[in-house]
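One structure below.
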2 protein chains.
Amino acid sequence: MATPTQPIPAEPAKLDAREVRAWRGLMRVHATLSKALDAELEAAHDLPLTSYEVLMHVADAEGERMRMCELAESILLSRSGLTRLIDRLERDGLVCRTTCSSDARGAFACLTPAGRAKLDAARATHLAGVRRLFLQHFGPEEQEVLASFWERVLPGAASTHCR
Amino acid sequence: MATPTQPIPAEPAKLDAREVRAWRGLMRVHATLSKALDAELEAAHDLPLTSYEVLMHVADAEGERMRMCELAESILLSRSGLTRLIDRLERDGLVCRTTCSSDARGAFACLTPAGRAKLDAARATHLAGVRRLFLQHFGPEEQEVLASFWERVLPGAASTHCR
DNA sequence: GCAGCGTCGTTGCACGCGCAAGGAGTCGAC
DNA sequence: GTCGACTCCTTGCGCGTGCAACGACGCTGC
């Protein structure tokens, strides 16, 4: 009796084929799509994907401006990373910095007319890419399934330090 | 008649809420999980995730060795990127380079005993992380659904230049 | 043999990012 | 008021990566 060699361990030492396909598929899809979309956007509008994300989030914010730290969180970038990114975008005239009247420490990134024009032009390219490379493959109910999957995963992964 | 303002364009200028959740969820899940897994692996074994991927692929290859270009493709890295990565792993004694007898241009990356030991130690950490942060949330048939989703997306995305 | 062309891996360079440290400002306790 | 602890953004530095260029080699046709 007892457990001589534990024939079916609770946590096998390897992923089975199905698990590998589900997990590595995710990694590959992300890597492939983000590279493709970035290249598309850069070729068509000379705009890196991260810059596009900044413009998009700022444009969607009310007053077309966002606090730096809030923006960094939205696009999953460190604060220093965002500082340089906004530096570049400001140099290119797509956003400008504004001081925050209620908190002198803070800064807003706000859209310039050129930034809005750039975004309007780039949005069509990006959306078409996302649809063609990704959304097109899923029906509405499948998109709903995907969305619900992500909402299962994200709460537990958001803060890794806990548990 | 004609189309005065085109009330329901075939390609709306924005993603609807469901599309956003399906698409941005994917991006966020990838970013969050890959950061968390990388941090975990680095904390427990002082091994970056990309290095782990190299060790894993080499270990799974027959003879525990792989050609550089093949390896680069497996982990979605450029050739130059892989050259430096193997430089680091070789410096740390985890892999070694071997010349290819049938093609003097080529080089093999092959596992050292230290590399195999490192991998064996790290594998448990990584697998536990993948299960806890991702696979745990899905039943077998849901994993199958995910896998089939990725297999739909990947063929069209693999080569962006076509179409 | 020996061109010519393609492939394999490496190197110079520049870029984007994170971490740690720092200045400036805010807030609360006393 | 002012001291200490915190937050916000920026800067110095190092790291990992891709692109373009390069040398070495293989392959084909002549």
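We use all heavy atoms of the structure for the numbers below, so side chains are in, but hydrogens, waters and symmetry mates are not. Per chain, numbering begins at 1; letters A, B, ... match sequence-line order.
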For residues 115-130 of chain A, please give each side-chain donor-acceptor pair under 3.5 Å, one per line with the distance, not counting sequence neighbours.
from    : atom 1 : to      : atom 2 : distance (Å)
R116(A) : NE     : E64(A)  : OE2    : 2.6
R116(A) : NH1    : D120(A) : OD1    : 3.1
R116(A) : NH2    : E64(A)  : OE2    : 3.0
K118(A) : NZ     : H45(A)  : O      : 2.9
T125(A) : OG1    : H45(A)  : NE2    : 2.6

Scan the side chains in residues 49-59 of chain B for donor-acceptor partners under 3.5 Å anywhere in the protein, sequence neighbours excluded, and list what turns up.
from   : atom 1 : to     : atom 2 : distance (Å)
E53(B) : OE2    : R24(A) : NH1    : 3.3
H57(B) : ND1    : E53(B) : O      : 3.0

Taking distance alone, no hydrogens or angles, what donor-acceptor pairs closer than 3.5 Å link side-chain atoms of residues 144-151 of chain A to residues at least two apart or in another chain?
from    : atom 1 : to      : atom 2 : distance (Å)
E144(A) : OE1    : R21(B)  : NH2    : 3.0
E144(A) : OE2    : R21(B)  : NH2    : 2.6
S148(A) : OG     : V145(A) : O      : 2.7
W150(A) : NE1    : A22(B)  : O      : 2.9
E151(A) : OE1    : R21(B)  : NH1    : 3.1
E151(A) : OE2    : R21(B)  : NH1    : 3.0

Identify all side-chain donor-acceptor contacts of residues 85-95 of chain B below 3.5 Å with residues at least two apart in sequence or on another chain.
from   : atom 1 : to     : atom 2 : distance (Å)
D87(B) : OD1    : R97(B) : NH2    : 2.1
R88(B) : NE     : R84(B) : O      : 3.4
E90(B) : OE1    : R97(B) : NE     : 3.0
E90(B) : OE2    : R97(B) : N      : 3.3

Next on the checklist: How would you summarise protein contacts on nucleotides 10-17 of chain D per nucleotide, using B for base, S for sugar-phosphate only and - for none, with heavy-atom distances below 4.0 Å?
Outcome noted: BBBB--SB

Taking only N/O atoms, report every protein-nucleotides 26-28 of chain D pair under 3.5 Å with atom names and distance.
from    : atom 1 : to      : atom 2 : distance (Å)
dG26(D) : OP1    : A104(B) : N      : 3.4

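Under the side chain to side chain contact (heavy atoms under 4.5 Å, CB included) criterion, D46(B) pairs with no residue, sequence neighbours left out. A search for side-chain hydrogen bond (donor to acceptor under 3.5 Å, both in side chains) contacts involving R28(B) returns nothing, not counting sequence neighbours. Under the rule for a side-chain hydrogen bond (donor to acceptor under 3.5 Å, both in side chains), the partners of R105(B) that lie at least two apart in sequence or sit in another chain are D103(B). When the side chain to side chain contact (heavy atoms under 4.5 Å, CB included) test is applied to E73(A), no partner is found at least two apart in sequence or on another chain. Among residues two or more places apart in sequence or in another chain, the side chain to side chain contact (heavy atoms under 4.5 Å, CB included) test is passed with S34(B) by H30(B).
Of the charged side-chain nitrogens involved, at least one lies within less than 4.0 Å of a carboxylate oxygen, so that R152(A) and E142(B) count as a salt-bridged pair.
Nucleotides of DNA chain C that come within less than 4.0 Å of any heavy atom of chain A span, from the 5' end to the 3' end, dG16(C) to dT26(C).
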